[in-house]
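Here is the structure we will look at, set down as structure tokens.
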Amino acid sequence: MKRSIVIFGASGDLTSRKLIPALYSNFRKKRLPEGTSIIGFSRHPFTDDAFREKMRQAVLEYRPAEFAVDDWNAFAHALSYHPGSVEKINDYLDLAPKVNTMDGGTADCLFYLAIAPSLYPVVVNNLNEARLLEAMGNNGYRRIIVEKPFGHDLASAQALNADLLNVVHEDQVYRIDHYLGKETVQNLLVLRFGNAIFEPLWNRNYIDHVQITVAETVGVEHRAGYYDQTGVLRDMFQNHLLQLLTLVAMEPPVAVDAGALRDEKVKVLRSIRDIPEEMSARYTVRGQYAGYRAEPGVAPSSCTETFAAVQLYLDNWRWQGVPFYLRSGKMLGEKLSEIVIRFRRPPHQMFDVLSGSTELSTNHLTIAIQPDEGIHLRFLTKVPDGGMAMRPADMDFHFRDAFQSIPIPESYERLILDALHGDPSLFARDDEIALAWRLVDSIRRGWEGEAAPLLSTYSPGSWGPMDSDRLLWKEGRWWMQDSISQNSGQDEEKVVAS
Ligand code: BG6
């Protein structure tokens, strides 16, 4: 059986930076099913050859180490281009024979919507009208991958979902969250449920709190038009951070299949306690990096947050009373995504720990998602020949050292293959998306109310506004990397959000 992947938005950034390099990588690893053809679709008037050349440049730029002329030439055979407007039905009717008549009409097809979300319903309706969504043969399929953002609030996400599900079934829709394709994120399941030693400790009895950080050093780059309407809460929390939270907090699923996994994730999202409007400033922090308003495309009086920190509680047996601190921002001190599980102190402190060194008496487990993927366990150890002097020690596992010959793949490689093979485990289901929006909407309502936290500016290169540190300090806790307390909030000033 043959199959094709049609990429809408083929001249865009995502196609060049992520999709074609990921497909090329899969091809090199001989994972792309044989006979897969890749058709780029966009308004740009490329010829097949011009499109191939643009994609060759993209792979050279984004995967230089993987580029090999022979492999590329073989891969390029599978590439073709279909110029067309997503709004014109005739362009889909012209596309139909390329997709439908492969291999005597039994071809499967995966449509990748790498376009503005407002166009999703347009594309899906046109695909339907051109009869491109009708799977052929007994086991044939027609699937759609949609990129984030899936809506900009609960109402718009529900409307978008309704538009899609009007035409296709839920099992044909693959809502991508590229964080779920990251190796270390998938490894969270292995760490928790493939080992017996962690699970007994993974609850309110032993865990003091959990921190989830997704920090970026870049600013809005060329995406100000999108970002200024979006902000970090919608751009990062609604999807990536809340997905990480679900994997840390969920109960063991009965099987590693899509239904069981996603059911457990939904339970976590349902258990997140709402933050009442009047408590907004108590549990949330928002910031904007200095200079953001001068970025091209950003409104000069923009109150869009580029940093947020949120303290959440889960109302269930396992996590009652355990705070989950989440933070993410642009232009921070380091590019870093990690989860820190901070364990409780020993109930009785029998050693004479130096005053001020509370750090000494707590254990933590760090799941380093990127860039240095790994797992680190901190514990207390005795200094040899030093009386009873103690100091913290780390047991470190780095993926790169342990699997030197296996480079960590890009998340899109795995996700595209999963969609081709019909495994939606690492994609978000409609109810997950809705629950995540419900939370984000309620935080945003708090930010529009009278008890909203101030929008603080923070210096690029710092770790966000000082309020983010205060969120933990007021409870005797602190963000975990060492650099934080040195850098945060330098030159801080306050601006009041309108
Ligand atoms: C995207 C956001 O989903 O994730 C971007 O829209 C962000 O704003 C990016 O830069 C971060 O992804 P990663 O994989 O680099 O951490």
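Computed from a predicted structure; not experimentally measured. Order of appearance sets the numbers: ligands from 1, and atoms from 1 within every ligand. Note that the numbering runs from 1 along the sequence shown for the chain.
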Side chains of Leu420 and Tyr141: does their closest heavy-atom pair fall under 4.5 Å? yes
Does some side-chain heavy atom of Gln370 sit less than 4.5 Å from a side-chain heavy atom of Thr184? no
So, regarding Tyr226 and ligand 1 (criterion: nitrogen or oxygen to nitrogen or oxygen, under 3.5 Å), is there a contact or not? no
Looking only at protein heavy atoms, identify the closest one to [atom] and say how far it is in Å.
atom                    : value
atom 16 (O) of ligand 1 : Tyr179 OH, 2.5 Å
atom 7 (C) of ligand 1  : Glu216 OE1, 3.4 Å
atom 12 (O) of ligand 1 : His178 NE2, 3.1 Å
atom 5 (C) of ligand 1  : Arg223 NH1, 3.3 Å

Answer yes or no: is there an ion pair linking Arg223 with Glu221, defined by an N-O contact shorter than 4.0 Å? no
What distance do Glu264 atom CD and Leu261 atom CG have between them, rounded to the nearest 0.5 Å? 8.5 Å
Interatomic distance, Leu326 atom CG to Leu244 atom CG [nearest 0.5 angstrom]: 8.0 Å
Atom 3 (O) of ligand 1: which of His240, Glu147, Gln370, Lys182 has the nearest heavy atom? His240
Proximal atoms of ligand 1 relative to [X] (non-hydrogen, under 4.0 Å):
X      : answer
Lys330 : 5 (C), 7 (C), 8 (O), 10 (O)
Lys148 : 1 (C), 2 (C), 3 (O), 6 (O)
Asp235 : 2 (C), 5 (C), 6 (O), 8 (O)
Lys335 : 13 (P), 15 (O), 16 (O)

Quick one: does Tyr227 get within less than 4.0 Å of ligand 1, heavy atoms only? no
For Asp71, what residues pass the salt bridge (charged side-chain N to carboxylate O under 4.0 Å, His left out) criterion, not counting sequence neighbours? Arg28
Under 30°, 30 to 60°, or over 60°: which ring-plane class applies to Phe51 and Tyr81, parallel, tilted or perpendicular? tilted
How about Arg270: does its CZ atom have over 12 heavy atoms from other parts shown lying under 6.0 Å from it? no
